Protein chains: 4
Amino acid sequence: MMDCPDLPKRGPGRPRSDATRCAILKAAYELLEEAGMAGFTIEGVADRSGSAKTTIYRWWPSRGVLASDAMLSHYQTEYPDPHSSSAVADLRGVMHHMAEAMSGPQGRVLAGLIAEAQSCSGTEDAIMANLITRRRELGRSIMERAIAGGQVRPDISIDTALDALFGPLFYRLMLNRMPFEPGWIDQLAEMVLQGIAAGPAPGAAAGTLRQR
Amino acid sequence: MMDCPDLPKRGPGRPRSDATRCAILKAAYELLEEAGMAGFTIEGVADRSGSAKTTIYRWWPSRGVLASDAMLSHYQTEYPDPHSSSAVADLRGVMHHMAEAMSGPQGRVLAGLIAEAQSCSGTEDAIMANLITRRRELGRSIMERAIAGGQVRPDISIDTALDALFGPLFYRLMLNRMPFEPGWIDQLAEMVLQGIAAGPAPGAAAGTLRQR
Amino acid sequence: MMDCPDLPKRGPGRPRSDATRCAILKAAYELLEEAGMAGFTIEGVADRSGSAKTTIYRWWPSRGVLASDAMLSHYQTEYPDPHSSSAVADLRGVMHHMAEAMSGPQGRVLAGLIAEAQSCSGTEDAIMANLITRRRELGRSIMERAIAGGQVRPDISIDTALDALFGPLFYRLMLNRMPFEPGWIDQLAEMVLQGIAAGPAPGAAAGTLRQR
Amino acid sequence: MMDCPDLPKRGPGRPRSDATRCAILKAAYELLEEAGMAGFTIEGVADRSGSAKTTIYRWWPSRGVLASDAMLSHYQTEYPDPHSSSAVADLRGVMHHMAEAMSGPQGRVLAGLIAEAQSCSGTEDAIMANLITRRRELGRSIMERAIAGGQVRPDISIDTALDALFGPLFYRLMLNRMPFEPGWIDQLAEMVLQGIAAGPAPGAAAGTLRQR
DNA sequence: TAGTAAACGAGACGGTACGTCATGTCTTTAT
DNA sequence: ATAAAGACATGACGTACCGTCTCGTTTACTA
């Protein structure tokens with residue numbers, strides 16, 4: 001009676017080969033793991049995947065975007081909102097999860113992607129959309145819960161607080177490049193969360209600090 | 001009677017030309033400003049400086065190190081320890097100074113250098129030695145002063161605290177890429193410094209937070 | 001009652017679109033004029049004609065053959081046998097006509113086609129059949145008339161004589177690439193035609209020449 | 001006492017490697033023989049010669065010029081002016097020599113070069129300078145001798161006469177593509193040379209022919 | 001006053017990857 | 001069956017830099 005107008009209406013022309021798409025992503029991922037972003041070449045992916053460079057260029061505008069997609073297609077470990085009884089514990093959970101993701105090979109690749117993003121806006125958009133913003137939004141919603149629950153002072157800027165929580169992780173990923181010990185993360189979280197905690201007598205200390 | 005053993009003993013052979021060294025650094029700096037790290041090539045520097053590629057390779061092991069040196073030779077704005085009456089205010093001063101240095105073109109170059117460092121250990125060493133560690137050590141000494149002065153709790157890890165203070169700056173430099181508003185930095189500093197402040201009753205809140 | 005058996009019996013399926021065929025030939029011709037054989041591409045013709053590459057490949061085996069067809073469909077100026085009173089004058093007329101056809105853009109295209117024919121036998125066959133042999137046969141029949149009429153010695157090889165008459169035209173088309181002045185053609189024709197003329201006393205000179 | 005000022009003064013910089021130059025020309029020649037002009041690729045030459053594409057592009061502007069050079073470096077068979085007692089016999093000798101050179105693989109390569117020249121002016125210049133003009137000048141000087149010796153009419157255009165002699169050879173090389181039988185060349189030569197011979201009674205026949 | 005040793009310019013060289021172009025084949029929907 | 005659309009593997013293109021090399025020249029120190 002009615003044709004489905006929301007189905008992906010397909011025009012003429014040979015449809016995109018999903019096998020090829022997957023082969024490219026798989027090869028890209030493997031190359032990333034083996035050689036890192038430095039040795040990640042479109043030609044290399046083409047060779048390894050058995051597809052043509054042109055095919056890759058048709059669907060991915062730059063190597064950074066391809067690498068980002070390849071990462072995503074393998075580690076689509078959506079970290080679910082824990083929604084435990086304590087919002088601050090949830091925040092800490094997010095940080096631990098990020099640190100875990102930054103450890104091991106994926107971490108080096110992520111660092112390489114962020115590096116690539118410095119000179120390629122396509123890559124920047126891709127990693128922001130796929131890897132950065134997503135977790136930040138999760139953090140934001142937990143933070144809002146923490147404020148609503150009275151665990152965090154309501155007068156802080158949520159964005160700034162998220163910067164304070166997540167910034168050090170990336171800092172260490174790209175500059176200090178040491179393993180992420182759980183203790184370090186707990187200390188970090190404690191510092192910041194205590195700084196924004198809705199405490200009984202924050203006034204005195206804050207006043208002291210606020211002076212310049 | 002004795003020749004000065006601490007003077008740079010020079011052997012035979014033509015001595016290194018300082019004019020060439022400067023011309024290379026100047027050209028490198030200009031190229032960095034104009035084209036960013038992405039367009040920064042050894043060949044480009046050689047052309048622009050009128051020197052030979054070989055000469056550059058003789059003295060600098062990689063483009064990242066050269067770029068780092070070029071930056072340093074132009075912005076050697078050593079930020080002196082303010083040593084004001086308030087150590088926490090001094091810390092905030094360091095952060096403001098870093099944010100200022102990260103704004104404008106130097107910031108983009110610094111981001112490019114950190115990017116380069118992800119795949120070139122020479123560059124990593126160079127920027128750590130010249131651009132990162134220096135300020136961190138400054139921060140460390142101020143922090144020790146703050147602890148000694150009773151403004152910061154003595155049981156924290158100084159390294160972790162410095163991560164918490166500096167990390168967000170680099171995070172924003174490389175990922176959020178927005179201008180550094182002074183207000184944002186103040187908020188950041190306040191959050192962390194309050195979190196590590198030697199307050200009257202930190203126990204209760206911390207206890208709450210520490211639970212998982 | 002009866003279907004016409006001499007009409008082009010049509011099988012099942014959609015008949016070939018003549019509009020498409022013409023559009024392709026037209027586009028091909030235009031592209032040839034604009035870009036010469038060097039810029040003549042199947043893809044270009046497909047784009048310009050609005051047809052699909054597949055359609056072109058279905059009907060033409062190679063770009064050379066297509067170009068040949070395109071030329072033919074636009075310049076089908078069949079040069080009729082003049083059949084004047086003098087056969088040698090007719091031969092000269094054929095040469096003038098060829099020179100005229102070789103001048104202007106068609107000449108460049110013809111040169112391009114001959115070039116293409118060096119590496120593509122399909123093109124070779126096409127231009128031989130359509131552009132070369134036709135005129136040669138015309139030349140041959142006139143030459144036979146000239147022999148029959150006693151204007152040309154009957155003991156010569158007609159093929160060789162035609163080579164001598166036509167060869168220089170192609171030589172100039174492809175190598176000397178100067179304009180074809182009528183005077184030059186007349187001189188050429190005179191040299192050869194006099195050399196094969198049934199003259200009163202050719203013996204002496206020929207004898208001289210024949211010695212090695 | 002004096003330094004030789006006429007020696008090839010060498011500027012600074014690493015001198016061009018003759019071994020590389022030769023390896024490239026050798027590989028180019030072999031590829032030409034094997035695959036003809038159609039399969040003659042810069043990449044192919046680079047692979048086979050073990051040199052880099054860039055090196056080839058540094059010294060040769062296009063594949064046509066490279067092919068031309070490669071041919072020349074292998075067949076530098078300068079045909080010497082025979083200077084026999086009979087100038088017309090010498091002319092015939094030149095034609096035979098050209099026909100010989102056009103037979104076999106070199107002929108196909110020459111045809112390919114002329115084809116390439118249709119769309120590449122660099123190639124055109126190269127083959128004109130190296131392969132065409134040289135023989136033509138030889139032909140011209142013999143022809144002048146023939147005129148001076150009274151064997152050829154002095155009122156003809158030498159250029160046109162050379163077109164008449166050489167044109168058919170190239171015509172056959174590129175279009176008729178049959179083997180060059182010696183008899184055919186002799187017939188050709190006889191036709192033209194007789195047409196321009198300083199004969200006893202050319203008037204009558206020429207008059208007949210000259211009419212239109 | 002040589003001789004030697006290193007710095008320096010110039011530029012050739014073998015490479016790698018780039019991003020683009022055209023090829024000819026294929027798979028699909030629409031006539 | 002024919003046509004348009006467009007995906008695909010292939011292979012060469014010409015370019016940009018890479019890092020190394022081989023030169024001739026310059027500029028010191030040293031024997």
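The structure displayed is predicted, hence computed values, not measured ones. Below, all heavy atoms of this structure are taken into account, side chains as well, without hydrogens, waters or symmetry copies. Each chain gets a letter, A, B and so on, in the order the sequences are listed, and its residues count up from 1.
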Asker: Does the base of dA6(E) carry an N or O that pairs as donor and acceptor with the side chain of Arg14(B) under 3.5 Å?
Answerer: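 For Arg14(B), whose side chain was compared with the base of dA6(E), there is no donor-acceptor pair (under 3.5 Å).
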Asker: When you measure from the side-chain N and O atoms of Thr55(C) to the phosphate of dA4(F), is any distance below 4.0 Å, counting only OP1 and OP2?
Answerer: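 Yes, because at least one side-chain N or O of Thr55(C) sits under 4.0 Å from OP1 or OP2 of dA4(F).
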Asker: Judged by each residue's nearest nucleotide on DNA chain E, which is more toward the 5′ side, Pro12(A) or Pro61(C)?
Answerer: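 Counting from the 5' end, the first nearest nucleotide belongs to Pro61(C).
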Asker: How many whole angstroms separate atom CD of Glu43(A) from atom C1' of dG19(E)?
Answerer: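 After rounding, the reported distance stands at 10 Å.
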Asker: Find which nucleotide of DNA chain F each of Thr41(B) and Thr41(D) is nearest to by heavy atoms, and output the residue with the more 5' nucleotide.
Answerer: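 Taking each residue's closest nucleotide, the earlier one in sequence belongs to Thr41(D).
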Asker: Step by step, work out the side chain to side chain contact (heavy atoms under 4.5 Å, CB included) result for Leu72(C) and Leu131(C).
Answerer: CA-CA 8 Å; Leu72(C) 212 69; Leu131(C) 302 170; 3.8 Å; yes
Asker: Any side-chain N or O of Arg58(C) less than 4.0 Å from the OP1 or OP2 oxygen of dA3(F)?
Answerer: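 Yes, Arg58(C) has a side-chain N/O under 4.0 Å of OP1/OP2 on dA3(F).
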Asker: Report the residue (Phe40(C) or Pro15(D)) whose heavy-atom-nearest nucleotide on DNA chain E is the more 5′ of the two.
Answerer: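 Looking at DNA chain E, the more 5' nearest nucleotide goes with Pro15(D).
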Asker: In whole angstrom, give the distance that lies between atom CD1 of Ile56(A) and atom C1' of dC18(E).
Answerer: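 My rounded result for the distance is 13 Å.
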Asker: Using atom CH2 of Trp60(A) as one end and atom P of dA7(F) as the other, report the distance to the nearest whole Å.
Answerer: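 The distance from CH2 of Trp60(A) to P of dA7(F) comes to 13 Å, rounded to the nearest Å.
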Asker: In terms of side-chain heavy atoms of Lys53(B), which of dT10(F), dT20(E), dC18(F) is nearest?
Answerer: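 Nearest to the side chain of Lys53(B) among the choices is dC18(F).
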Asker: Identify, between Gly39(B) and Arg21(C), the residue whose nearest nucleotide on DNA chain F lies closer to the 5' end.
Answerer: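 By nearest-heavy-atom nucleotide position, the 5'-most residue is Arg21(C).
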Asker: Rounded off to whole Å, could you give me the CG-to-P distance for the Asp47(C) and dA4(F) pair?
Answerer: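 After rounding, the gap between these two atoms is 13 Å.
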Asker: Base, sugar-phosphate, or nothing: which does Gly44(B) touch, judged by heavy atoms less than 4.0 Å apart?
Answerer: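 Nothing: the residue Gly44(B), judged by heavy atoms under 4.0 Å, touches no strand.
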Asker: Cation-pi between Arg16(B) and Trp59(B): NZ/CZ under 6.0 Å from ring centre and within 45° of the ring axis?
Answerer: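 Verdict for Trp59(B): a cation-pi partner in Arg16(B).
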Asker: So, the side chain of Arg63(A) versus the backbone of Phe40(A): is there a donor-acceptor pair under 3.5 Å, distance only?
Answerer: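 Side chain of Arg63(A) to backbone of Phe40(A), a donor-acceptor pair under 3.5 Å: yes, one is there.
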Asker: Closest to the Thr20(A) side chain: dT20(E), dC18(F), dC8(F)?
Answerer: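 Side chain of Thr20(A) sits closest to dC8(F).
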Asker: Under 4.0 Å between a side-chain N or O of Trp59(C) and OP1 or OP2 of dT2(F)?
Answerer: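 For dT2(F), neither OP1 nor OP2 has a side-chain N or O of Trp59(C) closer than 4.0 Å.
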Asker: Over how many whole Å does the gap from Glu116(B) atom CD to dC18(F) atom C1' extend?
Answerer: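 Computing the Glu116(B):CD to dC18(F):C1' distance gives 13 Å.
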Asker: Atom CZ of Arg16(A) to atom P of dT29(E): distance rounded to whole Å?
Answerer: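 So the two atoms are 18 Å apart, to the nearest Å.
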Asker: Thr54(D) has a side chain; which of dA12(F), dG14(E), dT20(F) sits nearest to it?
Answerer: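 Closest of the options to the side chain of Thr54(D): dG14(E).
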Asker: Leu66(D) versus Leu25(D): any side-chain heavy-atom pair under 4.5 Å?
Answerer: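 Side-chain contact under 4.5 Å: yes.
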Asker: Please state how far atom CG in Leu66(C) lies from atom C1' in dA22(E), giving the value in whole angstrom units.
Answerer: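 Those two atoms, CG and C1', are 15 Å apart.
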Asker: Is the backbone N or O of Met174(B) less than 3.5 Å from a side-chain atom of Gln118(A), with the two atoms forming a donor-acceptor pair by type?
Answerer: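 Yes, Gln118(A) side chain to Met174(B) backbone: donor-acceptor pair under 3.5 Å.
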Asker: Roughly, in whole Å, what's the span from OH in Tyr57(C) to C1' in dA5(F)?
Answerer: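 My rounded result for the distance is 16 Å.
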